[in-house]
Structures are given as structure tokens and as C-alpha cells.
Amino acid sequence: AWKVLTGVAFAALAALLFAGSSLGQEEILKRGVRPIELNRKMHTVASVVAGAQLLLLGQDELPEFARQLTQPMSGGWIFYSFVAAVGGMYLVGAWVIHFGGAVLFNLGLMMSNVYGSVLA
């Protein structure tokens with residue numbers, strides 16, 4: 001039960017931080033920063049944060065992760081698909097926020113999560 005509650009708390013915190021990040025991006029874009037410039041900065045920071053998360057929270061998973069990366073047909077394709085999807089989201093996300101705002105972006109992500117949950 002403790003692990004479930006911890007997971008729920010982390011998920012809620014991540015959602016809150018992600019929404020705040022989108023609002024921050026919207027504010028930066030309103031100040032005249034072009035979406036492509038924002039993407040350049042975000043990718044660097046996101047890579048560092050993701051690497052730190054993997055090292056801190058996923059140490060038990062690293063051997064399996066390494067195995068899957070070297071054997072793409074036995075599960076590594078899931079990782080590569082995820083990288084492509086997240087990369088695409090980062091590339092398109094700044095443009096969506098620029099033209100539609102952070103609320104539209106966050107609602108779109110929320111709906112995609114609902115669809116994914118229904119289809120899973």
C-alpha cells in the first residue's frame with residue numbers, strides 16, 4: 001500500500017510540475033522567445049532531468065534497460081518508440097503553446113491520457 005501511495009503522490013506532483021512548466025513556457029513565448037529557441041533550451045534540461053531520474057529512481061531497472069537497448073526486437077523498440085513520441089511532443093508542444101496557449105496544450109495531453117487509459 002505504501003508503494004502505491006508513493007506512486008500516486010509522485011504522479012500528482014509530476015502533473016502539477018508539468019502544468020506549471022507549460023504555463024512558464026507560455027509566459028516565455030509571450031515575451032518574444034521563438035518556439036525553436038525554447039526547444040533548444042528545453043531538450044538540454046529535459047535530458048539532464050530524465051537521466052537523473054533514471055539513475056535515482058530506476059537503479060533496479062538499469063540492467064534490463066541496457067539489455068533491451070542492445071536487443072531492439074525483444075522490447076527495445078518500446079523505448080525507441082517512447083523516445084520518438086516524447087521528442088515529437090517536445091517539438092510540437094512549444095508551437096501548440098505558442099499558438100493555442102498552455103491550457104489547450106494541457107487539456108490535449110489530458111485527453112490523450114484518457115484515450116490511452118480507455119484503450120489499454
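- Under the side-chain hydrogen bond (donor to acceptor under 3.5 Å, both in side chains) criterion, no residue pair touches residues 91-105, with sequence neighbours excluded.
- As a member of the Ile/Leu/Val/Met/Phe/Trp/Tyr network built from side-chain separations under 4.5 Å, L119 groups with nothing else and remains a singleton.
- The other residues sharing a hydrophobic cluster with L13 are L17, where clustering joins ILVMFWY side chains under 4.5 Å apart.
- Residue L5 belongs to no hydrophobic cluster, having no ILVMFWY side-chain heavy atom closer than 4.5 Å to its own.
- Every side chain to side chain contact (heavy atoms under 4.5 Å, CB included) that V45 has, sequence neighbours left out, goes to V49.
- In this structure, V86 is a member of the same hydrophobic cluster as L109, with clusters built from ILVMFWY side-chain heavy atoms closer than 4.5 Å.
- Shown here are the salt bridge (charged side-chain N to carboxylate O under 4.0 Å, His left out) partners of R34, two or more places apart in sequence or in another chain: E37.
- When side chains are defined from C-beta on, F105 does not count as touching F99, because their heavy atoms never get closer than 4.5 Å.
- Pairing each heavy atom of N39 with each of A94, the nearest pair is OD1-CB, 3.6 Å.
- In this structure, K41 has no side chain to side chain contact (heavy atoms under 4.5 Å, CB included) partners at least two apart in sequence or on a different chain.
- Under a 4.5 Å side-chain heavy-atom cut-off, the cluster of Ile, Leu, Val, Met, Phe, Trp and Tyr residues that includes L16 has no other member.
- Between E26 and G101 the shortest heavy-atom distance is OE2-CA, 3.2 Å.
- Linking Ile, Leu, Val, Met, Phe, Trp and Tyr whenever their side-chain heavy atoms come within less than 4.5 Å leaves F10 and F18 in two separate clusters.
- Every pair passing side-chain hydrogen bond (donor to acceptor under 3.5 Å, both in side chains) that includes a residue from residues 8-22 is listed here, sequence neighbours excluded: S21-Q25, S22-N106.
- Note that the NZ atom of K30 and the CD1 atom of I97 stand 11.5 Å from one another [nearest 0.5 Å].
- Among residues two or more places apart in sequence or in another chain, the side chain to side chain contact (heavy atoms under 4.5 Å, CB included) test is passed with I28 by V33, L38.
- V103 pairs by the side chain to side chain contact (heavy atoms under 4.5 Å, CB included) definition with L107, not counting sequence neighbours.
- L104 and L23 are assigned to two separate hydrophobic clusters, defined by single-linkage of ILVMFWY side chains at heavy-atom distances under 4.5 Å.
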